[in-house]
K.L.:
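This structure is in structure tokens; I'll ask about it shortly.
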There are 2 protein chains.
Amino acid sequence: MKLNTKSRYAVMALADIARFDGKKPVSLRDISLRQSISLLYLEQIFLRLKKNNIVKSIRGTNGGYIISKNINELKISDIFYALDEKVKTVGCKKESKKGCNGKSSKCITHNLWDELDLHINSFFENKKLGDLVKKKESRN
Amino acid sequence: MKLNTKSRYAVMALADIARFDGKKPVSLRDISLRQSISLLYLEQIFLRLKKNNIVKSIRGTNGGYIISKNINELKISDIFYALDEKVKTVGCKKESKKGCNGKSSKCITHNLWDELDLHINSFFENKKLGDLVKKKESRN
DNA sequence: TATATACCCGACTAAAATAGTCAAGATTGC
DNA sequence: GCAATCTTGACTATTTTAGTCGGGTATATA
């Protein structure tokens, strides 16, 4: 059970930007260097962040990305959603062919997986990007 | 972010056995039929459950598996542990080469992943196999 | 004691997902 | 105009997953 790097890098990169919040656009090149993430990979990630209105882009020299909304309102779950990172423990819903088909009594564990999904998702719903930056600063 | 089938099937299979708790060994063949899981795959799974003392085996005709301890004390996390299913959101610890190396200030999000691991693990620590069977029965 | 039923176990493999890279742009600031 | 920066789709190597295969061993019971 693990998070993919796309989602992880996205949060790392956005947290990086958040430290310069509002001041000026941050280029992927800078993020790439500071966070040790491949520039080409970051481009791919930010393409999707942009499409989902998590960030705005500014082209040209001294361009870069800025975060669209207040970092204290940007949920971590929003970021994951943009990257198609879904918590999907269950096969039941999609793989209706085998095992659980809703009414059947086969899938004894159905509720467990549902609860788990809910549990994890609520964690990300309640975490804001701003929380990360604050924590970081208080540690320094 | 998803659970692998080995862990999921393991919980399903054990919940299946738990319904006959204590009475007699349950064969993999029966579980395979009831839960629609490949018999060969189940064998692989139970090999590891046995090695980790989650189940005991009884060989020969009318043999099968029984659950080693009280199902109300068997944590779901014990089952996952037996199958090497680990919650590992973070690359930091293992991939010390890049990014977070403990003292560095690079890995802003380190705490977040740690918290997430804890959050998920505590969910499984608090769930017992017995909970699943009880729920199932109360639904019938 | 033969035989069917069941567990035992390492090795193998096809398919899918992951984690990127590549190539060829389009804008904009200086 | 040229360098920095974003834009975008396609491609690919590697790893992981989700199993299968083949050949065992143990034991109940007829």
Side-chain angles (χ1 to χ4, degrees), chain A residues 1-10 12-13 17 24-33 35-68 80 83-86 88-89 91 94-95 97-99, chain B residues 1-10 12-13 17 24-33 35-68 80 83-86 88-89 91 94-95 97-99:
Chain A
M1 176 147 224
K2 64 168 197 265
L3 223 51
N4 60 27
T5 54
K6 272 204 183 85
S7 312
R8 224 172 56 220
Y9 289 170
M12 288 169 68
I17 297 179
K24 58 181 181 199
V26 178
S27 74
L28 293 188
R29 191 170 162 280
D30 287 353
I31 298 174
S32 167
L33 291 172
Q35 304 295 334
S36 309
I37 301 170
S38 146
L39 176 60
L40 292 156
Y41 203 30
L42 274 177
E43 287 181 348
Q44 206 184 102
I45 292 167
F46 272 76
L47 185 64
R48 306 181 69 172
L49 290 176
K50 196 197 164 185
K51 274 184 182 156
N52 285 270
N53 293 313
I54 308 285
V55 294
K56 286 190 205 313
S57 65
I58 290 149
R59 301 178 84 158
T61 313
N62 295 325
Y65 287 92
I66 55 174
I67 297 174
S68 295
F80 287 176
L83 291 162
D84 267 337
E85 174 70 316
K86 293 204 189 77
K88 45 170 181 176
T89 43
K94 289 190 177 174
E95 302 157 24
K97 44 199 154 124
K98 59 158 63 178
Chain B
M1 176 147 224
K2 62 168 199 264
L3 223 51
N4 61 27
T5 54
K6 271 204 183 85
S7 312
R8 224 170 58 220
Y9 288 170
M12 287 169 69
I17 297 180
K24 58 181 180 200
V26 177
S27 74
L28 293 188
R29 190 168 163 282
D30 286 353
I31 298 174
S32 167
L33 292 172
Q35 303 295 333
S36 308
I37 301 170
S38 146
L39 175 61
L40 292 157
Y41 203 31
L42 274 177
E43 286 183 350
Q44 207 183 101
I45 292 166
F46 272 76
L47 188 63
R48 307 182 67 174
L49 290 176
K50 195 196 165 188
K51 274 184 182 155
N52 284 271
N53 293 314
I54 308 285
V55 294
K56 287 191 205 311
S57 65
I58 290 149
R59 301 179 84 157
T61 312
N62 295 324
Y65 288 93
I66 54 174
I67 297 174
S68 296
F80 286 177
L83 292 162
D84 266 337
E85 173 70 315
K86 295 205 188 78
K88 45 172 180 175
T89 42
K94 288 191 178 174
E95 301 156 22
K97 42 198 154 126
K98 56 158 67 180

K.L.:
Judged by each residue's nearest nucleotide on DNA chain D, which is more toward the 5′ side, B/Asn4 or B/Leu40?
P.N.:
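Closer to the 5' end of DNA chain D: B/Asn4.
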K.L.:
So, does B/Ser38 get its side chain near the phosphate of D/dT20, meaning an N or O under 4.0 Å from OP1 or OP2?
P.N.:
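It does, given that an N or O in the side chain of B/Ser38 lies less than 4.0 Å from OP1 or OP2 of D/dT20.
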K.L.:
Taking B/Ser68 for the side chain and B/Ile54 for the main chain, is one N or O donor matched with an acceptor at less than 3.5 Å?
P.N.:
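Side chain of B/Ser68 to backbone of B/Ile54, a donor-acceptor pair under 3.5 Å: yes, one is there.
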K.L.:
Which ones in residues 46-53 of chain A lie close to DNA chain C, meaning a heavy atom under 4.0 Å from one of its atoms?
P.N.:
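DNA chain C contact set from residues 46-53 of chain A: none.
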K.L.:
Hey, can you tell me if B/Phe46 and B/Tyr65 have their rings parallel, tilted or perpendicular (30° and 60° cut-offs)?
P.N.:
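Judged by the thresholds at 30° and 60°, the geometry between B/Phe46 and B/Tyr65 is tilted.
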K.L.:
For B/Lys50 and B/Leu47: C-alpha separation, side-chain torsions, deciding distance, then whether side-chain contact (heavy atoms from CB on, under 4.5 Å) applies.
P.N.:
CA-CA 5 Å; B/Lys50 195 196 165 188; B/Leu47 188 63; 5.9 Å; no
K.L.:
D/dT7, OP1 or OP2 - any side-chain N/O from A/Ser57 closer than 4.0 Å?
P.N.:
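Looking at the OP1 and OP2 atoms of D/dT7, one of them is under 4.0 Å from a side-chain N or O of A/Ser57.
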K.L.:
Indicate, yes or no, whether a donor-acceptor pair under 3.5 Å links the base of D/dC6 to the side chain of A/Glu43.
P.N.:
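Between D/dC6 and A/Glu43, which were checked side chain against base, a qualifying N/O pair under 3.5 Å is absent.
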K.L.:
What's the closest nucleotide to the side chain of B/Tyr65 if the choices are C/dC8, D/dG19, C/dA19?
P.N.:
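Among the listed nucleotides, the one closest to the side chain of B/Tyr65 is C/dC8.
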K.L.:
Each nucleotide in nucleotides 25-30 of chain D should get exactly one letter: B, S or -. Can you fill that in based on protein heavy atoms under 4.0 Å?
P.N.:
BBBBS-
K.L.:
Which atoms form the tightest heavy-atom contact between A/Gly63 and A/Pro25, and what is the distance?
P.N.:
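The answer is C-CB, 3.8 Å.
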K.L.:
Counting only side-chain N and O atoms of B/Tyr9, is one of them less than 4.0 Å from OP1 or OP2 of D/dA18?
P.N.:
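No, B/Tyr9 has no side-chain N/O under 4.0 Å of OP1/OP2 on D/dA18.
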K.L.:
Would you mind reading off the distance between A/Leu39 atom CG and C/dA23 atom C1', rounded to a whole angstrom?
P.N.:
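Result: 14 Å.
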K.L.:
Report the C-alpha separation of B/Lys6 and B/Tyr41 in whole Å, then their side-chain angles, then the decisive distance to 0.1 Å, and conclude whether the side-chain contact (heavy atoms from CB on, under 4.5 Å) test is met.
P.N.:
CA-CA 8 Å; B/Lys6 271 204 183 85; B/Tyr41 203 31; 3.4 Å; yes
K.L.:
Looking only at non-hydrogen atoms, find the nearest pair between B/Ser32 and B/Ser38 and report the distance.
P.N.:
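Heavy atoms of B/Ser32 and B/Ser38 come nearest at OG-C, 4.2 Å.
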K.L.:
Rounded to whole angstrom units, what separation is found between the CZ atom of B/Arg29 and the P atom of C/dA4?
P.N.:
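These atoms are roughly 14 Å apart.
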K.L.:
Select one nucleotide: of C/dA11, C/dA6, C/dA19, the one nearest the side-chain heavy atoms of A/Tyr41.
P.N.:
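Of C/dA11, C/dA6, C/dA19, C/dA19 is nearest to the side chain of A/Tyr41.
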K.L.:
To the nearest 0.5 Å, what is the distance between CG (A/Asn52) and CG (A/Leu83)?
P.N.:
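Here the interatomic distance stands at 8.0 Å.
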K.L.:
For B/Arg29 and B/Leu39, work out which heavy atoms get closest and say how close.
P.N.:
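Closest pair (atom of B/Arg29, atom of B/Leu39, distance): N-CD1, 3.8 Å.
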K.L.:
For A/Lys2 and for B/Leu28, locate the closest nucleotide of DNA chain C by heavy-atom distance; then report the residue assigned to the nucleotide nearer the 5' terminus.
P.N.:
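Nearest nucleotide further toward 5': that of B/Leu28.
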K.L.:
Looking at A/Ile66, A/Ile31, A/Leu28, which hits side chain to side chain contact (heavy atoms under 4.5 Å, CB included) with A/Ile17?
P.N.:
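Between A/Ile17 and the candidates, side chain to side chain contact (heavy atoms under 4.5 Å, CB included) is satisfied uniquely by A/Ile31.
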K.L.:
Nearest to the side chain of B/Gln44, which nucleotide is it out of D/dA18, D/dT20, C/dC7?
P.N.:
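Output: D/dT20.
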